[in-house]
Amino acid sequence: QAQLVESGGGLVQPGESLRLSCAASGFSFRSYRMYWYRQAPGKERELVASISNTGDMRNYAEDVKGRFTISRDNAFNALYLQMNSLKPEDTAVYYCVCLSLGSWGQGTQVTVSS
């Protein structure tokens with residue numbers, strides 16, 4: 001029912017930037033807190049950032065603070081993750097998530113070359 005579709009991943013060099021997008025449908029997007037998770041090869045999934053339903057009360061993992069910015073546009077049912085100063089350790093599949101509904105996107109690959 002609920003659908004989340006990520007886009008914007010790709011291959012970049014260290015220090016470059018990417019902006020990930022997530023298009024949400026099939027539920028009342030503006031009513032839910034949203035999350036970005038990532039999973040690197042051989043590692044568990046980790047929480048990257050979260051944002052309240054209104055767009056205030058944003059939270060970040062320690063290793064991305066100051067580099068990543070989570071945002072949303074409720075008028076367009078869209079979630080974003082701006083990633084600056086990318087590092088090789090940011091390489092992972094990134095997922096858009098609504099934990100309350102147990103809904104995950106298909107993921108988008110971010111690769112930062114060494």
I'd like to know if [Y] and [X] are part of one continuous hydrophobic network [Ile/Leu/Val/Met/Phe/Trp/Tyr, side-chain heavy atoms within less than 4.5 Å].
X: Met83; Y: Ile70; value: yes
X: Phe29; Y: Tyr32; value: yes
X: Leu4; Y: Leu99; value: no

*Partners of Ser85 by side chain to side chain donor-acceptor pair (under 3.5 Å), sequence neighbours excluded?*
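Per chain and number, Ser85 pairs via side chain to side chain donor-acceptor pair (under 3.5 Å) with no residue.
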Closest non-hydrogen atom pair, [X] against [Y]:
X: Tyr35; Y: Ser50; result: CD2-CB, 3.5 Å
X: Val64; Y: Val48; result: CG2-O, 3.7 Å
X: Arg72; Y: Ile51; result: NH1-O, 3.7 Å
X: Gln109; Y: Thr91; result: NE2-CG2, 4.1 Å
X: Ala2; Y: Leu101; result: CB-CD1, 4.3 Å
X: Leu81; Y: Ala49; result: CD1-CB, 4.4 Å

*Would Val93 and Arg45 count as a side chain to side chain contact (heavy atoms under 4.5 Å, CB included) if you check the C-alpha gap in whole Å, the side-chain angles of each, and the deciding distance to 0.1 Å?*
CA-CA 9 Å; Val93 178; Arg45 287 176 296 169; over 6 Å; no
_Side-chain donor/acceptor of Gln82 to backbone N/O of Thr69, under 3.5 Å_ =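 No, the answer is negative, given that no donor and acceptor are paired below the 3.5 Å cut-off.
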*Please check if the side chain of Asn53 supplies one atom and the backbone of Arg30 the other of a donor-acceptor pair under 3.5 Å.*
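Confirmed, Asn53 side chain pairs with Arg30 backbone.
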Point-to-point distance, once rounded to the nearest 0.5 Å, from [atom1] of [X] to [atom2] of [Y]:
X: Thr54; Y: Asn74; atom1: OG1; atom2: CG; answer: 8.0 Å
X: Tyr95; Y: Trp104; atom1: OH; atom2: CH2; answer: 7.5 Å
X: Ser21; Y: Leu79; atom1: OG; atom2: CG; answer: 8.5 Å

*asked:* Is the distance from the ring center of Phe68 to that of Trp36 below 6.0 Å?
replied: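 Ring centres of Trp36 and Phe68 not closer than 6.0 Å.
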*Taking the side chain as every heavy atom from C-beta outward, state whether Tyr94 and Glu6 have any atom pair closer than 4.5 Å.*
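Sidechains of Glu6 and Tyr94: no contact.
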All N/O donor-acceptor pairs, side-chain side in residues 9-18, below 3.5 Å, sequence neighbours left out:
| residue | atom | partner | partner atom | Å |
| --- | --- | --- | --- | --- |
| Ser17 | OG | Asn84 | OD1 | 2.9 |

*Please, which pairs that meet salt bridge (charged side-chain N to carboxylate O under 4.0 Å, His left out) have at least one residue in residues 73-101, sequence neighbours excluded?*
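Passing the test, one end in residues 73-101: Arg38-Asp90, Arg67-Asp90.
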*Quick one: which residue pairs count as a disulfide bond (SG atoms under 2.5 Å apart) with a foot in residues 36-84, not counting sequence neighbours?*
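For residues 36-84: none.
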*So which pairs with a foot in residues 38-114 pass disulfide bond (SG atoms under 2.5 Å apart), sequence neighbours left out?*
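Passing the test, one end in residues 38-114: Cys22-Cys96.
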*Which residues share a ring-ring contact (aromatic ring centres under 6.0 Å, His included) with Tyr60, sequence neighbours left out*: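 With sequence neighbours excluded, Tyr60 shows a ring-ring contact (aromatic ring centres under 6.0 Å, His included) to no residue whatsoever.
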